[in-house]
Novice: 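Before anything else, here's the structure in question.
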Number of protein chains: 2
Amino acid sequence: MTVTLSDVAARARVSPATVSRVLNGNYPVAAATRERVLRAVDELDYVLNGPASSLAAATSDLVGILVNDIADPFFGIMAGAAQTEIGGQEGAVAPESGRQSTGAAGTAGGTAGTATATGGAAGSMAGTVGAASPVGAGRVAGRAGSEKLAVVCNTGGSPERELTYLTLLQRQRAAAVVLTGGALEDPGHIEAMTTKLAKLADAGTRVVLCGRPPLPGSDAAVAALAFDNRGGARRLTEHLLALGHRRIGYVAGPAERTTTRHRLEGHREALAAAGVPEARDAQGRPLTVHGPYTRDAGYTATLELLSRAPELTAVVAANDTVALGACAAVRERGLRIPADVSVAGFDDLPFSVDAVPALTTVRLPLHEAGARAGRLAMGTEAPPPGGVATIGAELKARESTAAPRQA
Amino acid sequence: MTVTLSDVAARARVSPATVSRVLNGNYPVAAATRERVLRAVDELDYVLNGPASSLAAATSDLVGILVNDIADPFFGIMAGAAQTEIGGQEGAVAPESGRQSTGAAGTAGGTAGTATATGGAAGSMAGTVGAASPVGAGRVAGRAGSEKLAVVCNTGGSPERELTYLTLLQRQRAAAVVLTGGALEDPGHIEAMTTKLAKLADAGTRVVLCGRPPLPGSDAAVAALAFDNRGGARRLTEHLLALGHRRIGYVAGPAERTTTRHRLEGHREALAAAGVPEARDAQGRPLTVHGPYTRDAGYTATLELLSRAPELTAVVAANDTVALGACAAVRERGLRIPADVSVAGFDDLPFSVDAVPALTTVRLPLHEAGARAGRLAMGTEAPPPGGVATIGAELKARESTAAPRQA
DNA sequence: CTGTTAGCGCTTTCAT
DNA sequence: ATGAAAGCGCTAACAG
């Protein structure tokens with residue numbers, strides 16, 4: 001029924017071992033023989049059996065990328081960059097795909113579309129498409145071990161799912177695992193993660209942390225790329241303080257997440273350095289509210305903050321998405337941004353520059369970080385000294401922040 | 001070195017076959033024996049060897065979800081929903097994850113955080129985390145075949161990568177494959193895809209299309225969930241026409257994509273039905289510009305449209321992301337939205353309601369569609385009659401559209 | 001450079 | 001209800 005290696009071998013009149021060798025390209029094979037084998041592969045439309053191959057070789061070409069929320073561009077950008085780096089560059093034209101300057105085909109007879117910006121890519125796509133006929137299967141099978149299958153796994157922020165995915169990946173003998181985003185600070189979970197990652201590392205799986213600090217006391221990870229959340233947050237609050245703000249509300253992310261804690265710490269550092277006490281309401285409760293990294297959480301929390309302390313002149317949000325909700329809340333209260341209340345975010349996601357007013361935020365090089373993590377996972381790039389690299393976070397002061405109303 | 005099935009069998013004093021049976025739970029095993037085996041599994045911290053298992057059983061628990069752009073929430077939302085449906089619901093608290101009403105742990109001593117909205121989830125997370133100790137490995141290994149590994153693969157819109165991923169998944173003998181988003185209409189690619197999907201189906205892989213029309217003349221797919229892009233686009237343009245617009249610019253998506261074509265067709269249907277000719281510039285060229293589904297494409301294209309035809313009173317964008325860029329361009333031209341120019345999008349992504357002014361768009365039930373696709377992939381839900389279901393698209397008229405300046 | 005020979009670790013009849 | 005044995009399809013020594 002299904003074509004196997006020996007079928008190919010028989011057709012090419014060589015031994016199975018030889019076929020395996022040309023397919024893996026990791027062993028010298030006579031050019032003539034290789035030709036014959038390749039032809040047989042194409043003719044029979046042979047597709048390598050992954051499980052069999054992985055079993056025999058005790059390794060697989062699976063690379064897992066774990067994200068907390070796949071619907072959040074924060075993760076999508078990192079994961080996409082990593083995946084591009086891992087999955088091969090052949091057709092990696094992601095942001096340009098489909099760009100075209102001629103009219104639409106078929107029914108779109110009247111579409112004399114004009115190139116938007118960079119034109120001229122018109123024919124290239126059709127060309128490459130043509131080359132990707134069914135022969136593609138052979139081509140791919142023929143590729144050397146470099147053909148990794150980069151996949152992203154969505155934990156939804158759930159610690160159990162994180163562990164479950166790690167186990168599943170471990171089962172598959174994954175070549176590498178990239179963990180993105182902040183980690184949960186629950187002791188039990190940290191311990192479970194440490195154990196699990198150590199096991200993965202033992203089994204030869206490369207572990208890379210991206211946008212996440214190294215696990216305390218663990219060296220299982222090949223490398224950790226940590227964002228300078230603390231520094232970025234500090235600079236952001238310094239910016240607000242410089243503008244003259246003294247009563248700043250803070251819509252934090254979920255408690256027990258490293259990202260949340262670091263950003264909060266940076267915020268407090270700036271306050272402390274300036275000798276400004278943390279904002280509190282009439283009851284003396286700090287004006288810091290925790291919630292998930294969602295637009296709705298930002299909305300609700302900001303409404304609450306504004307009720308508890310109408311004298312607030314600025315709201316710092318856990319990230320840009322939360323800031324969007326914060327803006328909506330401020331507006332709903334009939335207040336202007338930034339005239340009445342300044343609002344700031346974090347991450348500098350693509351939509352932030354288009355917000356009205358443009359959102360002041362802290363830029364994280366998500367794409368670069370993801371790409372680097374991908375290379376680290378591939379073993380293409382050397383790990384940073386000490387296994388840990390801190391990635392800078394740059395303040396982006398825009399229109400959503402200004403001097404307070406009564407400076 | 002690594003623990004195998006027979007190690008477990010030896011420790012439990014049973015045969016490997018028995019261990020396999022309790023692990024797969026698909027065969028009667030005495031309760032006492034099962035207990036013994038499960039204990040051995042935990043004690044030895046055994047993790048099933050996926051490749052070996054897949055090889056022997058000729059199936060795997062891998063489910064691939066292909067997306068065109070993982071950084072785009074349009075795909076993230078569908079993929080996340082599908083993955084949740086497939087990956088098991090245990091910790092599926094995605095949007096609520098980390099919600100917490102108590103202060104941050106550790107250094108966050110002063111954070112008397114207040115619950116944002118729904119509170120009370122404080123202790124539950126820690127509880128579940130505690131249960132997810134290393135024993136988790138055993139738990140997972142013990143689960144019946146239901147434990148699928150749902151992974152998302154980012155094609156970046158490249159037809160080669162699409163085919164490559166399909167081949168890679170074919171190699172892994174994937175249990176199912178979900179293709180999301182519009183398809184490329186290139187004949188060569190369609191043929192290659194048809195062949196490839198037929199092969200996957202032959203090999204027992206379930207193929208599901210989500211947000212994509214069925215392949216012409218192919219019945220490889222278990223089911224196709226198609227969005228009513230044409231109908232949605234028609235209603236959107238009807239809305240604009242009803243408002244009084246007669247000169248409407250159109251920023252289309254990449255040509256040769258089904259989504260692009262259908263939306264454009266719906267737009268033209270509405271125009272034709274109202275007897276309104278397609279807008280053209282002084283040179284008689286249609287005011288339709290093609291470009292990728294990106295913010296920048298929308299920005300550039302709109303700038304061009306506005307130059308070529310300053311008398312435009314409305315701009316319809318390929319989707320919300322493109323619309324964001326269109327808004328930026330309109331504003332840069334010193335024009336007001338919607339007073340001078342109305343702008344509309346498509347998809348109703350989360351950020352659209354927060355745009356200023358709130359974006360008029362067409363709502364696509366992305367989450368529902370993704371979840372349904374996930375169930376279809378799992379075989380949990382019966383395919384729609386005929387294998388094809390059309391999913392409605394609802395007009396969301398908001399503030400970014402209004403009567404033209406000189407009605 | 002190529003063929004031979006053993007397994008990799010698990011599932012699954014077929015017995016018992 | 002459990003055990004024994006035969007592979008699943010491929011890779012990796014080891015010869016030659």
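Residue numbering restarts at 1 for every chain, and letters A, B, ... go by the order of the sequence lines.
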Novice: Could you tell me whether a side-chain N or O of A:Arg173 sits under 3.5 Å from a main-chain N or O of A:Gln170, the two making a donor and an acceptor?
Specialist: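 Side chain of A:Arg173 to backbone of A:Gln170, a donor-acceptor pair under 3.5 Å: yes, one is there.
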Novice: Who are the salt bridge (charged side-chain N to carboxylate O under 4.0 Å, His left out) partners of A:Arg212, not counting sequence neighbours?
Specialist: A:Glu162
Novice: Return the minimal non-hydrogen interatomic distance between A:Asn154 and A:Ile70, and the atom names on each side.
Specialist: OD1-N, 3.1 Å
Novice: Could you give the CZ-to-P distance, from A:Arg13 to C:dG3, as a whole number of Å?
Specialist: 11 Å
Novice: For a quick check, with a 4.0 angstrom heavy-atom cut-off, what is the B/S/- contact string for nucleotides 10-16 of chain C, read 5' to 3'?
Specialist: BBBB---
Novice: Quick check on side-chain contact (heavy atoms from CB on, under 4.5 Å): which of B:Thr380, B:Leu225, B:Val208 does B:Arg372 satisfy it with?
Specialist: B:Leu225
Novice: In whole angstroms, how far is the P atom of D:dG7 from the CG atom of A:Leu55?
Specialist: 17 Å
Novice: Just jot down the salt bridge (charged side-chain N to carboxylate O under 4.0 Å, His left out) partners of A:Arg11, sequence neighbours excluded, or say none.
Specialist: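 Applying salt bridge (charged side-chain N to carboxylate O under 4.0 Å, His left out) to A:Arg11 gives A:Glu43.
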